[in-house]
S.K.: 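Here it is, the structure in full.
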Amino acid sequence: MLHTPHPPASRPRTRTRRRLRAAALLASAVSVCLVAASAPPTPLGVGDRLFPYLGNPGYDVTAYDLSFTYSGNNGKPLQAATTIDARTTADLDRINLDFAHGKVASVEVDGEPADFTTAGEDLVVTPVEPLDEGERTRITVRHSSDPVSPEDRPGGWVRTADGLAMANQADVAHLVFPCNDHPSDKARFTIRVTAPDGLTVVANGLPTAVDRAGGSATWTYRTAHPMATELAQVSIGRSTVLHRTGPHGLPVRDVVPTKHRAALEPWLKKTPGQIAWMESKVGPYPFETYGVLMADATTGFELETQTLSLFERELFDDPAYPRWYVESIMVHELSHQWFGDSVGPHSWSDLWLNEGHATWYEALYAEEKADRPMEARMKAAYGASDRWRTAGGPPAAPRPPEKGDKIGIFRANVYDGAALVLYALRQEIGAPAFDRLEREWTARYRDRTATTADFVRLASQVAGRDLGDFFQGWLYGAKTPPMPGHPDWKPTEADKAPMADPGKARG
């Protein structure tokens, strides 16, 4: 759903409705309430099947205001303040925030100091007065934000050769700042970073100010569209920001290590054309800007952070990766701006909608621009699909990640396995209907979240017939159904399986 931030309305300190309700309680009921209120804080979640403790019930975030102070790669944590504007969706005596790596100095709720403690990976806040359902509230947490050692837990702040970048997928935004860390709760972001002179800061959205004083600068960025916490991005380093113009005057800005600027330019200049290609397939680019962040870091993946996709610089200068392949990976992350960012997953089990579509357009681009046949890739995927389903679950019901391996949900079954579902769908309903579906999907759910059921319903509407049984087998079956139009396609024995592509992990 689309969230519009508003400043919290001033709230009278006496809650008339709550006081009347309390006055009507019998003495025994009051006693029960007091016992409940004294119960120990516990970690909560929104009930995600794959990440049960991510997110929190009882409120909807409308806006985040993040402030970080960075003093250099000296091992010291960043000093930070996070302000959350939210609307309550239930009566709340306590507010649970996801936050697991940093020291909290203080918490305020609507300007008043609040008690706080931790429970699991939650910061549990107790305001002076309980909050009623339907109220607007503002929570301010002053805290440190400490980059995590990759050996401890990958993601969150990522150390680069000369600074930091961010990689929050799937469950680590709350290692960086307190939040409602689940993709179902999008919000608008304002991000402020103070860093020493000589460093450049870039974040999601567009810049609104750079204020310099006393040997440092404070950079402010603001998003024009709601964003999931897992898509937040901040780059700090000795970087050059390169500006160019995309389709319809879209501002495109790329962030590169200054010393590698010339070598990377041949890749960067491809972005406007890639945006135009994607628009020809699925409709207008959904955000206010786009760009590529080439980080001097080894992460093992690329990531679709909103309006500023994160790439490892080495992807572009490693001769092991063919040119066509690198370009297709650029399109993979770009296509996520439509599929996964603008139209976000309502739960992590809907991940196939993100990665399946991004893989689809990656493969389609390689077919159209580099003569790498889509059909050959999908036939190979079909051969491996049963094994992928056994190892990772069917595309729309992936197996939960192993303990300590939260990014383990990013398996082949939600990449090429999910793209195979889209290929089967196009075979089933025809290319014209499939193309209409893609455009309608990105337009109808722009700036919102959507479920697998939403996609099945819309596909059935566009096709003019019920596709429920078709999707049941392809999305949830233990075995891969027969491929429409290709009755000769069969599962491939493991020892005869084709080699995988040159495989960088994609976000």
Side-chain angles (χ1 to χ4, degrees), residues 1-6 46-51 54-64 84-89 136 168-170 173 179-190 204-205 222-233 278-279 281-290 304-309 333-358 360-361 396 414 418 422 436-462 471 475 507:
M1 55 193 148
L2 176 61
H3 304 300
T4 304
H6 299 280
V46 294
D48 191 283
R49 186 180 69 86
L50 299 179
F51 298 100
L54 275 189
N56 293 286
Y59 62 92
D60 173 29
V61 179
T62 56
Y64 290 95
I84 299 171
D85 287 345
R87 182 184 298 108
T88 57
T89 58
R136 298 184 185 277
N168 293 334
Q169 199 177 75
C179 56
N180 202 26
D181 197 7
H182 192 269
S184 61
D185 193 0
K186 290 187 175 188
R188 283 184 167 85
F189 278 69
T190 298
N204 309 91
R222 185 166 290 120
T223 66
H225 297 263
M227 180 171 73
T229 51
E230 50 122 354
L231 301 174
Q233 181 57 267
M278 277 297 302
E279 287 192 335
K281 305 299 181 185
V282 297
Y285 178 75
F287 297 123
E288 66 274 24
T289 186
Y290 183 66
E304 67 273 16
T305 40
Q306 189 163 308
T307 73
L308 186 62
S309 292
E333 304 307 335
L334 169 63
S335 65
H336 270 308
Q337 303 300 311
W338 285 264
F339 301 96
D341 293 9
S342 177
V343 183
H346 191 72
S347 76
W348 279 110
S349 294
D350 301 313
L351 176 64
W352 78 274
L353 286 164
N354 303 11
E355 299 302 347
H357 277 102
W360 173 263
Y361 289 104
V414 299
L422 298 176
R436 290 196 304 273
L437 168 62
E438 296 293 272
R439 288 177 174 273
E440 179 65 20
W441 177 253
T442 57
R444 179 175 297 192
Y445 292 101
R446 181 179 181 178
D447 285 341
R448 299 166 62 190
T449 64
T451 66
T452 296
D454 292 327
F455 188 78
V456 172
R457 184 163 46 249
L458 182 59
S460 297
Q461 292 173 6
V462 171
F471 278 111
L475 291 176

S.K.: Should L50 and S349 be marked as a side chain to side chain contact (heavy atoms under 4.5 Å, CB included) after you check the CA-CA gap, both sets of side-chain angles, and the distance that decides it?
M.R.: CA-CA 7 Å; L50 299 179; S349 294; 4.0 Å; yes
S.K.: Return yes if a side-chain donor-acceptor contact under 3.5 Å exists between Q233 and T305, otherwise no.
M.R.: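 There is such a pair between these side chains.
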S.K.: With no hydrogens and no angle check, is any side-chain donor or acceptor of N204 less than 3.5 Å from a backbone partner on Q306?
M.R.: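 Judged by distance alone, yes, a pair lies under 3.5 Å.
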S.K.: Assess whether side chain to side chain contact (heavy atoms under 4.5 Å, CB included) is satisfied between N180 and Y64, documenting all intermediate values.
M.R.: CA-CA 10 Å; N180 202 26; Y64 290 95; 3.8 Å; yes
S.K.: Calculate, to the nearest 0.5 Å, the distance between atoms CG and CE belonging to L334 and M278 respectively.
M.R.: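 Going from CG on L334 over to CE on M278, the span is 6.0 Å.
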S.K.: Check salt bridge (Lys or Arg N to Asp or Glu O under 4.0 Å) between R436 and all other residues, then give those that pass, not counting sequence neighbours.
M.R.: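 Not a single residue meets the salt bridge (Lys or Arg N to Asp or Glu O under 4.0 Å) criterion with R436.
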S.K.: Walk me through whether F339 and E438 qualify under side chain to side chain contact (heavy atoms under 4.5 Å, CB included).
M.R.: CA-CA 10 Å; F339 301 96; E438 296 293 272; 3.8 Å; yes
S.K.: Classify the ring geometry of Y361 against H357: parallel below 30°, tilted from 30° to 60°, perpendicular beyond 60°.
M.R.: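 Parallel.
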S.K.: G356 and A418: which non-hydrogen atoms are nearest, and at how many Å?
M.R.: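 Taking every non-hydrogen atom into account, CA-CB, 3.5 Å.
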S.K.: With sequence neighbours excluded, what pairs up with T452 under the side chain to side chain contact (heavy atoms under 4.5 Å, CB included) test?
M.R.: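 T452: side chain to side chain contact (heavy atoms under 4.5 Å, CB included) contacts with D350, W352, L353, A396, V456, L475, Y476.
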S.K.: Rounded to the nearest 0.5 Å, how far apart are CE of M227 and CG of D447?
M.R.: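 The CE atom of M227 sits 12.0 Å away from the CG atom of D447.
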S.K.: Hey, could you give me the OG/CZ distance between S460 and F471, rounded to the nearest 0.5 Å?
M.R.: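 If we round to the nearest 0.5 Å, S460:OG and F471:CZ are 6.5 Å apart.
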S.K.: Of the non-hydrogen atoms in Y59 and C179, which two are nearest, and what is the gap between them?
M.R.: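 Shortest heavy-atom contact: OH-O, 4.4 Å.
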S.K.: Whether the side chain of E288 engages the backbone of A224 through a donor-acceptor N/O pair (distance < 3.5 Å, no angle test) should be reported.
M.R.: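 A pair under 3.5 Å: yes.
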S.K.: Shortest non-hydrogen contact from S335 to A358?
M.R.: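 Looking at all heavy atoms of both residues, the closest pair is OG-CA, 3.2 Å.
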S.K.: Rounded to the nearest 0.5 Å, how far does OG of S347 lie from CG of L54?
M.R.: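 If we round to the nearest 0.5 Å, L54:CG and S347:OG are 11.5 Å apart.
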S.K.: Could you give the distance from CG (N56) to CG (D181), rounded to the nearest 0.5 Å?
M.R.: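 If I round to the nearest 0.5 Å, the distance is 9.5 Å.
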S.K.: Test side chain to side chain contact (heavy atoms under 4.5 Å, CB included) on Y285 and E279 and set out the steps.
M.R.: CA-CA 6 Å; Y285 178 75; E279 287 192 335; 3.4 Å; yes
S.K.: Is there a side-chain contact between D60 and D185 in this structure, where contact means two heavy atoms from C-beta onward sitting under 4.5 Å apart?
M.R.: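 Yes, their side chains come closer than 4.5 Å.
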S.K.: For the backbone of W348 and the side chain of D48, can you confirm whether one donor and one acceptor N or O come within less than 3.5 Å of each other?
M.R.: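 Flag set: sc D48 to bb W348 pair under 3.5 Å.
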S.K.: Any idea which heavy atoms bring V414 and L351 closest together, and the distance?
M.R.: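 Minimum heavy-atom separation between V414 and L351: CG2-CD2, 4.0 Å.
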S.K.: Is a side-chain donor or acceptor of K186 paired with a backbone partner of H225 at a separation under 3.5 angstrom?
M.R.: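 Side chain of K186 to backbone of H225, a donor-acceptor pair under 3.5 Å: no, none is there.
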S.K.: Has the side chain of T449 got a donor or acceptor atom that lies under 3.5 Å from a matching backbone atom of P345?
M.R.: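 Flag not set: sc T449 to bb P345 has no pair under 3.5 Å.
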S.K.: Is a side-chain donor or acceptor of T223 paired with a backbone partner of F189 at a separation under 3.5 angstrom?
M.R.: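 Yes; at least one donor-acceptor contact below 3.5 Å.
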S.K.: Strictly distance-based, threshold 3.5 Å: is any side-chain N or O of T62 a donor or acceptor partner for the main-chain N or O of D85?
M.R.: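 Judged by distance alone, yes, a pair lies under 3.5 Å.
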S.K.: Between T442 (side chain) and V282 (backbone), is there a donor-acceptor pair under 3.5 Å?
M.R.: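 Yes.
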S.K.: Please answer whether the main-chain N or O of P284 pairs with a side-chain N or O of W338 as donor and acceptor at a distance below 3.5 Å.
M.R.: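 Pair found, side chain donor or acceptor close to backbone of P284.
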S.K.: A side-chain contact here means heavy atoms from C-beta on lying under 4.5 Å apart; do R448 and H346 qualify?
M.R.: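 The answer is no; the side chains never approach within 4.5 Å.
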